[in-house]
Number of protein chains: 2
Amino acid sequence: MARKSYPGDMTTPPTATDWLRLDQQICFSLNAASRAFGSVYRVILKDLGITYPQYLVLLVLWEHGDLPVKKLGEHLRLDSGTLSPLLKRLETAGLVRRERSARDERSVEVRLTEQGVALRERAVQVPRRIVSATSFDVDEIRDLRARLDQLTSALDAAVHVELPDED
Amino acid sequence: MARKSYPGDMTTPPTATDWLRLDQQICFSLNAASRAFGSVYRVILKDLGITYPQYLVLLVLWEHGDLPVKKLGEHLRLDSGTLSPLLKRLETAGLVRRERSARDERSVEVRLTEQGVALRERAVQVPRRIVSATSFDVDEIRDLRARLDQLTSALDAAVHVELPDED
DNA sequence: GGCCATTTAGTTGTACACAACTGAATTGTG
DNA sequence: CACAATTCAGTTGTGTACAACTAAATGGCC
């Protein structure tokens with residue numbers, strides 16, 4: 001109960017160096033985990049001929065059906081600067097088509113091709129392999145996910161408030 | 001206690017769709033958290049004129065002193081393909097120098113310049129602002145970090161074993 | 001001592017991520 | 001109806017990541 005949540009040896013107040021070291025560990029851990037995940041997906045998705053961000057796009061389309069670029073971006077938190085070239089590559093690969101909406105000429109509908117729909121059959125094995133690579137069970141993953149989502153919300157809020165004040 | 005850790009409604013075994021949805025949530029959450037973190041760092045580091053990966057490099061140098069590119073890469077899990085251009089930009093910014101080692105001409109020592117050392121004084125405020133942006137307390141962050149490191153280890157192991165077997 | 005495998009940075013090519021911008025279509029308002 | 005503000009996709013430019021490759025230096029082995 002006397003625990004003070006200090007970084008370091010817990011008996012002295014944290015120094016600037018302690019804070020920098022702790023900070024390094026936090027941001028580094030998240031960054032490293034994200035890249036390690038990317039490596040595993042890269043290996044597993046190589047068979048399917050798609051990258052990890054492309055897989056995320058397909059997951060959304062498989063679940064929600066055809067969507068305009070805007071909606072796709074909302075699901076994935078990505079803007080057109082990232083999505084436009086990515087979708088162009090998926091189109092070149094024959095997995096999606098892009099068609100200007102007749103209703104609203106500004107909007108572009110992203111539609112799965114037959115090939116794109118068919119790829120789902122081969123993708124169903126991916127989640128199991130990913131989960132087994134984590135060595136976590138489903139509950140642990142669910143819990144981790146909840147914390148990460150909570151973290152993301154807080155960080156988004158902090159960015160939108162411009163800057164958290166420094167003191 | 002009858003809880004089976006199934007995705008979805010918990011009363012039926014998981015379908016392929018359930019797995020794909022859960023998978024989407026896991027990988028998406030991690031990806032989103034990582035990018036949200038990046039956005040916060042981007043805003044906070046703008047004053048210092050450096051990016052988030054550049055900040056990570058400086059954190060290592062501030063803690064460990066001058067290092068050859070190889071060692072730096074081991075600390076950061078980054079290879080020369082990423083570090084070489086990044087270090088070139090830090091050099092252009094006047095924060096580090098690169099010098100061929102006299103002992104081993106293959107090796108390049110990365111040294112902080114006076115400016116690079118001085119920047120640390122302005123960086124000490126960064127961790128507090130990051131932590132406050134997360135809305136997590138230090139213990140929660142420590143716990144999250146531990147889980148992420150565990151995850152990273154497992155994922156690294158899985159990649160190195162080539163592929164986790166699929167069934 | 002000579003030669004080959006290994007180590008180390010760097011380069012090249014591909015693919016995100018994102019800020020800032022462009023241009024076309026649409027909407028709101030007078 | 002006219003026209004300014006907004007919405008939407010795309011483009012441009014910068015900065016990672018990372019695989020695959022190159023070239024120079026080193027070390028081990030005969």
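Every chain is numbered from 1 and lettered A, B, ... according to where its sequence line falls, protein lines coming before strand lines.
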Participant: Whole angstrom is fine here: how far is it from CZ in B:R35 over to P in C:dA19?
Facilitator: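 Going from B:R35 (CZ) to C:dA19 (P), I get 11 Å.
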Participant: For B:P68, report the nucleic acid contact type (base, sugar-phosphate, nothing); a contact means any heavy atom under 4.0 Å.
Facilitator: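 Contact class for B:P68: sugar-phosphate only.
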Participant: Just the rounded figure in Å: distance from P of C:dT8 to CD of B:E74.
Facilitator: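 Answer to the nearest Å: 8 Å.
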Participant: Counting heavy atoms from C-beta on, name the nucleotide in C:dC16, D:dT16, D:dA9 closest to the side chain of A:Q54.
Facilitator: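 When the side chain of A:Q54 is considered, C:dC16 is the closest of C:dC16, D:dT16, D:dA9.
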Participant: Quick one: on DNA chain D, does A:S84 or A:N31 contact a more 5' nucleotide (nearest heavy atom)?
Facilitator: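 So the residue in question is A:S84.
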Participant: Atom CG of B:L78 to atom P of C:dA9: distance rounded to whole Å?
Facilitator: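 Rounded to the whole Å, the gap is 13 Å.
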Participant: Given A:L112, which of A:V117, A:L95, A:L90 fulfils the side chain to side chain contact (heavy atoms under 4.5 Å, CB included) condition?
Facilitator: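 Of A:V117, A:L95, A:L90, side chain to side chain contact (heavy atoms under 4.5 Å, CB included) with A:L112 is met by A:V117 alone.
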Participant: For DNA chain D, which residues of residues 86-97 of chain A approach it to below 4.0 angstrom with any heavy atom?
Facilitator: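 Those residues are A:K88.
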Participant: To the nearest Å, give me how far apart CZ (A:F37) and P (C:dC16) are.
Facilitator: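 So the CZ-P distance, A:F37 to C:dC16, works out to 18 Å.
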Participant: Looking at D:dG10, I'd like to know if its phosphate oxygens (OP1 or OP2) sit under 4.0 Å from a side-chain N or O belonging to A:R98.
Facilitator: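 Yes, such a contact exists.
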Participant: Could you run through nucleotides 19-26 of chain D and give me one letter per nucleotide, 5' to 3': B if any protein heavy atom sits under 4.0 Å from the base, S if only the sugar-phosphate is that close, - if neither?
Facilitator: B-----BS
Participant: Could you note down all residue pairs passing salt bridge (charged side-chain N to carboxylate O under 4.0 Å, His left out) where residues 76-93 of chain A supplies at least one of them, sequence neighbours left out?
Facilitator: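 For residues 76-93 of chain A: A:R77-A:D156, A:E91-A:R98.
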Participant: Under 4.5 Å between any side-chain heavy atoms of B:F28 and A:L59, yes or no?
Facilitator: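 No, too far: nothing below the 4.5 Å cut-off.
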Participant: For A:L67 and A:H64, work out which heavy atoms get closest and say how close.
Facilitator: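 Shortest heavy-atom separation between A:L67 and A:H64 comes out as CD1-CB, 4.0 Å.
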Participant: Can you tell me the distance, in whole Å, between the CD atom of B:E99 and the P atom of C:dG10?
Facilitator: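 About 13 Å, once rounded to whole Å.
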Participant: Any side-chain N or O of B:T51 less than 4.0 Å from the OP1 or OP2 oxygen of D:dT16?
Facilitator: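 Answer is yes, contact under 4.0 Å.
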